[in-house]
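Every heavy atom of this structure was used, including side-chain atoms; hydrogens, water molecules and symmetry mates were not. None of the values given here were measured: they were computed from a predicted structure. Below, read A as the first sequence line, B as the second, and so on, with proteins coming before strands; counting in each chain starts at 1.
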Protein chains: 8
Amino acid sequence: MTRAEILALLESVASGTLAPSEVLAQLDAPLETDLEFAVVDHHRRARLGLPEVIFGEGKAPAQVVAIAAAILARGQNVLATRVGSEARAALASTYPKAIIGAVGRTVRIEAAPPSVQADFRAAIVCAGTTDLPVVEECSETLRAAGIEHDRLTDVGIAGIHRLFSRLPVLERADAIVVVAGMEGALPSVVGGLVAAPIVAVPTSVGYGAGAAGFAALLGMLTSCASGITVCNIDNGFGAAVAVHRIARARSRRPA
Amino acid sequence: MTRAEILALLESVASGTLAPSEVLAQLDAPLETDLEFAVVDHHRRARLGLPEVIFGEGKAPAQVVAIAAAILARGQNVLATRVGSEARAALASTYPKAIIGAVGRTVRIEAAPPSVQADFRAAIVCAGTTDLPVVEECSETLRAAGIEHDRLTDVGIAGIHRLFSRLPVLERADAIVVVAGMEGALPSVVGGLVAAPIVAVPTSVGYGAGAAGFAALLGMLTSCASGITVCNIDNGFGAAVAVHRIARARSRRPA
Amino acid sequence: MTRAEILALLESVASGTLAPSEVLAQLDAPLETDLEFAVVDHHRRARLGLPEVIFGEGKAPAQVVAIAAAILARGQNVLATRVGSEARAALASTYPKAIIGAVGRTVRIEAAPPSVQADFRAAIVCAGTTDLPVVEECSETLRAAGIEHDRLTDVGIAGIHRLFSRLPVLERADAIVVVAGMEGALPSVVGGLVAAPIVAVPTSVGYGAGAAGFAALLGMLTSCASGITVCNIDNGFGAAVAVHRIARARSRRPA
Amino acid sequence: MTRAEILALLESVASGTLAPSEVLAQLDAPLETDLEFAVVDHHRRARLGLPEVIFGEGKAPAQVVAIAAAILARGQNVLATRVGSEARAALASTYPKAIIGAVGRTVRIEAAPPSVQADFRAAIVCAGTTDLPVVEECSETLRAAGIEHDRLTDVGIAGIHRLFSRLPVLERADAIVVVAGMEGALPSVVGGLVAAPIVAVPTSVGYGAGAAGFAALLGMLTSCASGITVCNIDNGFGAAVAVHRIARARSRRPA
Amino acid sequence: MTRAEILALLESVASGTLAPSEVLAQLDAPLETDLEFAVVDHHRRARLGLPEVIFGEGKAPAQVVAIAAAILARGQNVLATRVGSEARAALASTYPKAIIGAVGRTVRIEAAPPSVQADFRAAIVCAGTTDLPVVEECSETLRAAGIEHDRLTDVGIAGIHRLFSRLPVLERADAIVVVAGMEGALPSVVGGLVAAPIVAVPTSVGYGAGAAGFAALLGMLTSCASGITVCNIDNGFGAAVAVHRIARARSRRPA
Amino acid sequence: MTRAEILALLESVASGTLAPSEVLAQLDAPLETDLEFAVVDHHRRARLGLPEVIFGEGKAPAQVVAIAAAILARGQNVLATRVGSEARAALASTYPKAIIGAVGRTVRIEAAPPSVQADFRAAIVCAGTTDLPVVEECSETLRAAGIEHDRLTDVGIAGIHRLFSRLPVLERADAIVVVAGMEGALPSVVGGLVAAPIVAVPTSVGYGAGAAGFAALLGMLTSCASGITVCNIDNGFGAAVAVHRIARARSRRPA
Amino acid sequence: MTRAEILALLESVASGTLAPSEVLAQLDAPLETDLEFAVVDHHRRARLGLPEVIFGEGKAPAQVVAIAAAILARGQNVLATRVGSEARAALASTYPKAIIGAVGRTVRIEAAPPSVQADFRAAIVCAGTTDLPVVEECSETLRAAGIEHDRLTDVGIAGIHRLFSRLPVLERADAIVVVAGMEGALPSVVGGLVAAPIVAVPTSVGYGAGAAGFAALLGMLTSCASGITVCNIDNGFGAAVAVHRIARARSRRPA
Amino acid sequence: MTRAEILALLESVASGTLAPSEVLAQLDAPLETDLEFAVVDHHRRARLGLPEVIFGEGKAPAQVVAIAAAILARGQNVLATRVGSEARAALASTYPKAIIGAVGRTVRIEAAPPSVQADFRAAIVCAGTTDLPVVEECSETLRAAGIEHDRLTDVGIAGIHRLFSRLPVLERADAIVVVAGMEGALPSVVGGLVAAPIVAVPTSVGYGAGAAGFAALLGMLTSCASGITVCNIDNGFGAAVAVHRIARARSRRPA
């Protein structure tokens, strides 16, 4: 660990982002745990402000549990995404206080409650009921990052008055995640109405020419509303981390 | 020519769609002209209500002029689309009264003015300035079919108030052609606002992930507003013919 | 609700489209029901002439039932499409008079029989037996819209005499939905024979280079018969709504 | 050269396919000419019944001339396809008797007229005028192979009566090449009408969703008329060679 | 039935293609059976030389059985392809003499043994063991068409000596079906060695960049060996019908 | 203009974002200028903090100049992107103080210098020299938005020490635009090193499997570093506006 | 068997690659075993240094066992890849000493232990835990080829320090297989750090725009680090054989 | 520069790879030259054994010359690929001894002749004359790396005897680059015949379904001959560097 990194840790103590005991643990412990099938990156929280997150797809339940154990052993909070029902059950029986998100396929286990990011409020807007699993994954990740947020569900543009009547929620948001499948046009409309950062998430909702979310993805990438940025199809997690990056940059220095 | 076809022709005289002299020419003449490189289908007007249209792309200027001559020889009006500048010049010098559409690359030569379709008014709406060539092709085809129409240009959804302030034009239309590139979301918004038939035309405006109009095409096909139908990319001509089919069906019988 | 909207409602009463009691209910009630996971748009019928339709794919059976209940509570008819067998069973046990379409995966629940659209007759034509689920979805949606229609099944172009011997059915139709998989050539042939509006629906029938319906979709979009419009793959519902838009436009004003 | 190969040559003399002097030249000469940038395969005619053909695309004019010289030096006929205007000019000035096909971009130089394949007549059918370059390439290749053939131009399915009135030409053909762009449906209709071998050639005619011929290619591959086989987009040459293979197989043994 | 069609039938009697009794049945009976969900085309055998074939995919077992019954009722042989295990069982229990092809998913039911096509011998060559289902479908279809054939299995180009040692089988074939997955290169090698008509069938064998057979399909379409024609992915049936067309053309007139 | 909008304008005066004279002009003038071929949206600056930007591609030089005139007439600054050389010349000769960006194909014309966004510093990082046009477009847009920024050029991951030695520039940035073609891996590396918001822009640099930027686009969308967001291929403009949204959100309220 | 081949065998004895008894068996036995559904190529080991490998996908368990038996009957070692659980069980019960690789779906049965390739050490590096099945397939194939190797797991570029701290393993490797899904950027980083041959294997890990491994595949093909070569998606087997080719070439002659 | 790097340089002196004066220059000079538009990586030769290579596409002629100057200033050899004719002329006039490769679009400028890699001989094999530009780029890069090699041109599989008669060239090669367009099958055949490392390069030769080289690319990736590795389309440079990596690994230690 370099001097600069130690300095950064101490500054995190000074600013209240990390507790002294957390820093102490980091100074004492190696930067990673090598589990043979995985190398857990404990330094990530210091670097990026969030612990390493477990991507559950393709991992055996026992692997997921072992990685969770390694993270908790370092006093960090666990967030696991795309966790199948078997692995969810394994985590739930091992860690009774685990918070299971069945719709969004997430699991959170808190060593300590995440500190809330002050003076920042996000919004998640989605076009239809079938986008809810992605919304849930995004919402749980925002919770893990301590970001408060509003949710607007089923306000797609086929009945655009539903969106307009909820404009105040959009206008007070410091960042907006817009989730939509089909033709993925909702971010264009939202982006034309408000000036906040917009993170668009295409979903694999739809069929035929929708091509498993590619129609929405291409639509969002070519949005005529400028300054829209886009995540991978169904990637509610990534959108939340993008919001976390924005919130963190915002709090770094007094404006 | 079967009895039924002759009957249809006579009924066209009765209803005023065709002039007696036109019918006489048809009764006297073969159903097609074989030019060796093309077989001109003179029966098409009786069958579909519009003469055969010359698709200019890939045809030599001399071929375009020869086909036009064959159509005019039968007393029918000429419409040519996707006509390159050389062929446009060839037609203009051969037929001084030809109406040249440089932006939309069309040429019309009228044996007689098309009779106007009564009690029918269409609208063409486009998202941006760069969609104009497609709008022009559509507009000229509607003129060839005798369909009156309004035009709204550059009312894309990034500044959605521009569309809303023009809502009355949409509400009085009996059919609406919506032309848009980029993410192609305009038909979804229009389709959610008014109940008229919507014919959506994706344009090859945009770049990168727009993939030469495929983003707009896929977006329109997967529109969350129901009952939207779609034409090929940049096919303003086809959209106008679709409107012609709707107008013709409407006038067939008293309501 | 604006003056214009109230005026529109009253005109709907005058023209017989809506009953006075229906209008009264609308004047008394909010425009939408917010179910937290869905916002049901009750204004859609006034705007588009059809109530909101439930898209069943990706929705839990309980969600489908709850949305149906919200629609029925406002005196509107329910149409649900792409309803899985579980959700179909849930609706059938909750609403014994529900009309279940197992082949087309639809459910209709009528508060009142839809009023028949006068002087309008559609046709659905399909290329093969395996296109029937899409035909069924289209047919049930036409029924929900009160549109009478004929059906021609298995008249693909490999044995083109089967189509020709049924030409009178096509010729009397005011609008034709053409459903086909494989190379999707049937709309081109139909569109070359009759002048009615043609709505083409590609189906995911076929394999290999058929690419889950994309061969048919591309074929229909590039049809050499002009004025064909196209819906998403397997979207029998959308095609029926497109016909509904045509029928509605037709009846709006005396010809 | 093996005994079997020599025997085959002698049998070719006996059957009249090759002249004795041709066989003598082959017996005396090596099987190939190595030009450093190309290895000309002189054995191909004995093996496949046609000399090696020069694919002109991407070759410098001087390379094309040199390969032609090597083929003529062995007493074989030259056919070059996809020859650019510069290389066509180079061949024409070097070999005054060269037969230049400007539309189809072919060049033929005959050491001796190809012997006509007896009792065999092919047909080339195309959907539109813009398919003519592909038809020309096919036609010139058939001429190089000594195969007599009829041509039907611009008989696409949008005016299907044009095809039906020419049915006798199709019915007398021993093999039919069907050339079409756009949605590529013509082979399906022809294949449903006659029992002859059908070789379908998609063309890059069309735009937008036509995707440079891919719509036609996919349409032909998924044809609902069975037993259609398909060549590469714009490959009129390959289709002609396929017909040559059929003609040759046919003449091999008495029926 | 027109005079020309009756004449054709009588000529079929004269040439021995059809028996007098078969013609009589045709003269007495309608050209098609309308089963509501299917229109069985009984005229197809007279036109194309093979009865209509049942495409089993997406059809309910009861539908498959009903269509088979309609064909048998007219004295024609049944061939069904892509028949799932349930429908195979239904046919087997209804028609005990049905010939079930479990690997190729085919069923044949013979009203009478197909007459063998004289003086014609085909070959089926495949690259690997996993191509066998497609080979089987092709082989059964050839049997239904009365075409004798050899089979070469697992002679892919990674061990090219396996192919060369079997060259005599290829050299005596009047037409060759070449079946291959992965990169689909086998037809190029075979096409460079022998002059017979080559029908290439890509298979969905392979993974990753193989893209469910598209790599093989594209490879075959762009083969550097000229005159190769291609069928849809996994379409062993279509390849056999293409061979049938070649065999039929060959026998039509004395050489 | 609603009361809320007027209030917003007055608050903009209070906060110094807009000058009183600018507000006065807005209060006096309509929200848009209709040029027949374009509807210029003057309200956009109040809504989104940036005036409407001219997208030059596909617009005639005269159209570009006319739109610029309409914007300047309202006292707003002009930014035009993707301006061809002809249109650049037209703007330069009309407005001598126009700032021409030849590499990035931009033009800026300032009514007044943009006010600098306080306490915010961005960075643009690119992988190679050939990415410079996209970097330039991004840089000019940031300048138009008053955002100060650093630039790192040619620090791709093939020589990763070049990036590491410039880490301090990345660490002080409040938002980072990462521009890369080829495999587009640079954002993943940057995103793993620093916590700032990352906006990734794929470029069409590369060839073959790079597929005009699609390899980079897909790579960035599937980045293993979390929280990366992505713009359209070559969309340096959009990335800058996304940074503008972040900067604006940051300055909205005291932290 | 030609003189050259016999000479090659004798030289293999001289160099110790093959034992005399192995050569004797080869001299006595035919080059292949024809199992009707498969032709086992026994000559492959002499030609390429490895026996034929059984590709298990799409083969029935009984077919896999029969091919294994044919290989063992010739005294050669068996390696089977992509073996489903049923076929793995069949092999395990038939050959108790079979080495089953459940994660990588491989089976090895050794007639004799493979001789270790001297002075050669490979490395397998993978980006994440979910890449392990591909790593396992590669590792087992290297074992079958007698190639010693190190393994580094879960060292993806989102936490690039994990890779750097393991640099010595990479630096001592004579060839490196790099396995990665998602954006597939790991080979670019490794290829920029060390000079050894790099064989990159994209995996189907990821979702959405990852497109079943195509994002990683395209990323690796367009890598900005030069000299990277690429295998098919998930093809750990092929990568190992590529390393085997490198190792074999290295040992052929003294340096 | 770390101790390890200095040690490596000194070992390079000891082994003769670098001259003492070269090492001195490196010790004295910074690791990179920052040209503002490019950062030239001088350390690359020490790391990878080849100096940084200039990728000419998209670079202005003046940029190419400036980078070349920076490399030569450090006593390293220049190789530039994909250099347009203007930039080639600029280099030729600045550096009269520049070796211009017009066909392969390369330029080499030698500070000193590259030392030849002992005991290593490569081969480049290509399928057709039109593949020559890629062969030339590969050949010039091998020359820059001091690797002797043979070339076989126009030995594609349509006349496979041309390849077999040149087998000895393949058999003596330590590594083989196989270049092919169209269906890209040549590497499969070569890979089945010899055991050397095979680097396959697809070319954009072909048309239609060839899809600018994608058919060849997919074919090579799915080759049934195992252990083939693949480079990007038209990437002759990358293939040569892959061979360089193999040659370098081979010479690292005595076998």
Side-chain angles (χ1 to χ4, degrees), chain B residues 4 41 44 46-50 52-53 55 118-120 141 167-168 171 173-176 191-202 217-218 220-233 235 237-255, chain C residues 4 8 41 44 46-50 52-53 55 81 118-120 141 171 173-176 191-202 217-218 220-233 235 237-255:
Chain B
D41 176 8
R44 193 161 297 181
R47 220 161 61 237
L48 305 183
L50 277 181
E52 180 162 1
V53 172
F55 180 72
D119 284 311
F120 193 90
T141 306
L167 207 48
E171 282 174 341
D174 296 301
I176 304 173
L193 293 172
V194 299
I198 311 273
V199 179
V201 186
L217 172 63
L218 297 181
M220 291 170 177
L221 286 165
T222 58
S223 173
C224 59
S226 52
I228 309 287
T229 60
V230 186
C231 290
N232 193 3
I233 296 164
N235 191 3
F237 161 71
V241 177
V243 169
H244 163 76
R245 287 177 179 266
I246 292 168
R248 199 171 184 278
R250 192 164 181 268
S251 64
R252 218 165 53 147
R253 285 190 308 229
Chain C
D41 176 8
R44 193 162 296 180
R47 221 160 60 235
L48 305 182
L50 276 181
E52 181 162 1
V53 172
F55 179 73
T81 63
D119 284 312
F120 193 89
T141 306
E171 282 174 341
D174 296 300
I176 304 173
L193 292 172
V194 298
I198 311 274
V199 180
V201 187
L217 172 64
L218 298 181
M220 291 170 177
L221 285 166
T222 58
S223 172
C224 60
S226 51
I228 309 287
T229 60
V230 186
C231 290
N232 193 4
I233 297 163
N235 190 3
F237 161 71
V241 176
V243 169
H244 162 76
R245 287 176 179 266
I246 292 168
R248 199 171 183 278
R250 193 166 181 263
S251 64
R252 218 166 53 148
R253 286 190 306 229

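- For B:Leu193, the part lying under 4.5 angstrom from a heavy atom of chain C is the backbone only.
- Contact of B:Ala239 with chain C is not made at all, since no heavy-atom distance falls under 4.5 Å.
- Taking every heavy atom of both residues into account, B:Leu48 and C:Gly192 meet most closely at CD2-O, 4.2 Å.
- At a 4.5 Å heavy-atom cutoff, B:Phe55 makes no contact with chain C through either its backbone or its side chain.
- Remark: C:Arg44 CZ to B:Ser226 OG distance equals 6.5 Å, nearest 0.5 Å.
- From C:Asn235, atom CG reaches atom OG1 of B:Thr222 across 10.0 Å, with rounding to the nearest 0.5 Å.
- Checking side-chain atoms of C:Arg245 against main-chain N and O of B:Ile228 turns up no donor-acceptor pair under 3.5 Å.
- Contact between B:Val230 and C:Leu221 at its shortest, heavy atoms only, is O-CD2, 4.0 Å.
- With respect to chain B, the highest number of heavy-atom pairs below 4.5 Å among C:Ala196, C:Gly49, C:Cys231, C:Ala240 belongs to C:Ala196.
- Ranked by heavy-atom pairs shorter than 4.5 Å toward chain C, the options B:Ala200, B:Ala173, B:Ala247 are led by B:Ala173.
- Neither the backbone nor the side chain of C:Glu52 comes within contact range of chain B; no heavy atoms are under 4.5 Å apart.
- The candidate with the highest count of non-hydrogen atom pairs below 4.5 Å against chain C, out of B:Ser223, B:Gly191, B:Ala175, B:Ala225, is B:Gly191.
- For a residue to count as touching a neighbouring chain, one of its non-hydrogen atoms must lie under 4.5 Å from one of that chain's; by this rule B:Ala118 does not touch chain C.
- Residue C:Val53: no heavy atom, backbone or side chain, is found under 4.5 Å from chain B.
- Heavy atoms of B:Val199 lying under 4.5 Å from chain C belong exclusively to its side chain.
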